[in-house]
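A note on names: the letters A, B, ... follow the listed sequences, proteins ahead of strands, and every chain is numbered from 1. Owing to the predicted nature of the structure, the values given are computational and were not obtained by experimental measurement.
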Number of protein chains: 2
Amino acid sequence: MTEKTAQLSKAQAITSEVRRRIVDREWRQGDRIPDEAELAVEFGVARATVNKALQMLAEEGLLDRKRRAGTHVTVNPARKATLTIPIVREQIEGAGLEYSHRVVAQKLSPIPADVALRMSLPEGAELIHLRTVHYGDSQPFQVEDRWINPGAAPGVERIDFHRINANEWLVRNFPWLHADMAFSAENANARDARLLEARQGTALLILQRTTFNDLGAITTVRLAFHPGYQLIATP
Amino acid sequence: MTEKTAQLSKAQAITSEVRRRIVDREWRQGDRIPDEAELAVEFGVARATVNKALQMLAEEGLLDRKRRAGTHVTVNPARKATLTIPIVREQIEGAGLEYSHRVVAQKLSPIPADVALRMSLPEGAELIHLRTVHYGDSQPFQVEDRWINPGAAPGVERIDFHRINANEWLVRNFPWLHADMAFSAENANARDARLLEARQGTALLILQRTTFNDLGAITTVRLAFHPGYQLIATP
DNA sequence: GGCTGCTCTATGTCTATACTTAATGAAACT
DNA sequence: AGTTTCATTAAGTATAGACATAGAGCAGCC
């Protein structure tokens, strides 16, 4: 009968202990906590180890650290949440469903003003416009409306996205340096409703994302999730 | 005329250089990259510094690292996005608007089944139920529907939330250990519509969050944002 | 073939030490 | 009082060295 010890590193152990002291209010919001050297002595580790632990908590938003001023418990912790934006296919298959997708449209078109703005490209530039529906067990899961810039993703003109999912092809071939991302809610328009097999006007969760590499904007995409979809974020 | 050098640490400099090599496809998806020792020699730094840099990129999702197997460029990078959930007041004031809030209801009530489930509490337990509207320059910004568990947040019974915003009071007095968070879209119901001064049925971005400390669930809240609200995430 | 156990390697983690740097608070100077 | 200067302090970063450990791949066994 072996103990199922969680096997924490020393740094992680210190993080949890400090977190516990904050949650149990031994160290109150605004308090200055002992400095790294003192904690190193208390926990019997090197200062570098304490430093690593406290930096993790600072990133988490629980601690405020400043040179010379010391480390304080954040007064109004604006905690951070991480969301992993998975590949649609993996997301669907991960839920135990069978993935399929259908390309509704793929053609070269002049971009409208809002897309030009998001991608920092001249209005009227010709980009590849794609409209795709992603299915899980033949239920519509997500509608994708995407513009791809061949200037930043050379070779894209020759790809047939009926065979390869655009998201995956791009992600595998053109890693990005920077991205803009925004979530919002929209009432399903006629096209969304038709493609998602939902009633027009239904509230849909929308993710709008634009990615850039050193050649400029690669792609911008509007993802409309099926009604009722919940996006889970982990703290 | 001093150079406005970005003042990167060595570890950060290595991160950007490695990121550049990936984006410029000198190192392709799936490739194995040189090991820490080799990179340490190449960049003229200690192995610990390379380790720190590569760990950052691994957290970002660009690299896959395994003992003995080495470091590979991720094939399907499921990149992560961070969202900072700010205090409403700070968010509104940060936009240059004047913050105010109105408590629509504050009373002890038995919790309905869905709330009991989310908070892992017995159905029918009596919690504090709060309904609040937050305004920016007297435009409704967000509607808050919150349940607070006095069992995990002792003292809450005696607080008058007309004077202090519940979110801030909780955040300042009861830091949490764990949280569940989900985003979704809902059509405004009659109450949402009235409180947000919007049309019934309008799509609203909803954030549902439950926080826990070592005594159990502290609070669960459903935040409905005003129509058109965009939540920005940073990669 | 298929399984077992060993070996060796690349990453994971920690330590002790050192130097750098922001910024505080006080002293010195208008 | 208001301002500038400056020493001091705590965090930030880097280093060389060490040991731990997962796990890929091989060898040998049935």
Does a sphere of radius 6.0 Å around CD in A:Glu98 hold more than 12 heavy atoms from other residues, nucleotides or ligands, not counting ones at 6.0 Å or beyond?
no
Between B:Arg146 and B:Thr219, does any side-chain donor sit less than 3.5 Å from a side-chain acceptor?
yes
Report the relative orientation of the aromatic rings in A:Phe212 and A:His178; use parallel for angles under 30°, tilted for 30 to 60°, perpendicular for over 60°.
tilted
Length of the NZ-C1' vector between A:Lys10 and C:dT15, whole Å
9 Å
Can you pull out the residues from residues 53-70 of chain B that lie within a 4.0 Å heavy-atom distance of DNA chain C?
B:Gln55, B:Arg65, B:Lys66, B:Arg67, B:Arg68, B:Gly70
For A:Phe43 and C:dT15, give me the distance from atom CZ to atom C1', rounded to whole Å.
17 Å
Give the C-alpha distance, both sets of side-chain angles, the deciding distance and a yes or no for side chain to side chain contact (heavy atoms under 4.5 Å, CB included) between A:Arg79 and A:Glu60.
CA-CA 7 Å; A:Arg79 305 281 287 267; A:Glu60 222 175 88; 4.0 Å; yes
D:dT15 phosphate, OP1 or OP2, under 4.0 Å from B:Thr49 side-chain N/O:
yes
Kindly state which residues belonging to residues 30-40 of chain B come within less than 4.0 angstrom of DNA chain C, counting heavy atoms of the residue only, listed by number.
B:Arg32, B:Asp35, B:Glu36
Ring geometry between A:His226 and A:Tyr229 (parallel below 30°, tilted from 30 to 60°, perpendicular above 60°)
perpendicular
Presence of B:Thr71 side-chain N/O under 4.0 Å of C:dT11 phosphate oxygens OP1/OP2:
yes
Of the candidate nucleotides D:dA14, D:dA16, C:dA16, which contains the atom at the shortest distance from the side chain of A:Ala46?
C:dA16
Compare side-chain N and O positions of A:Ser9 against OP1 and OP2 of C:dG12 and report whether any pair is under 4.0 Å apart.
no
Nearest-angstrom distance from the residue atom CG of A:Leu8 to P of C:dG12:
17 Å
Would you kindly give the CZ-to-C1' distance between A:Arg47 and C:dC14, to the nearest whole Å?
15 Å
Can you see if the side chain of B:Asn51 gets near the phosphate of C:dT13 - specifically, an N or O under 4.0 Å from OP1 or OP2?
no
Please check: side-chain N/O of A:Thr132 versus main-chain N/O of A:Val103, any donor-acceptor pairing under 3.5 Å?
no
Kindly confirm or rule out a cation-pi arrangement of B:Arg209 over B:Phe183, judged by NZ or CZ under 6.0 Å from the six-membered ring centre and within 45° of its axis?
no
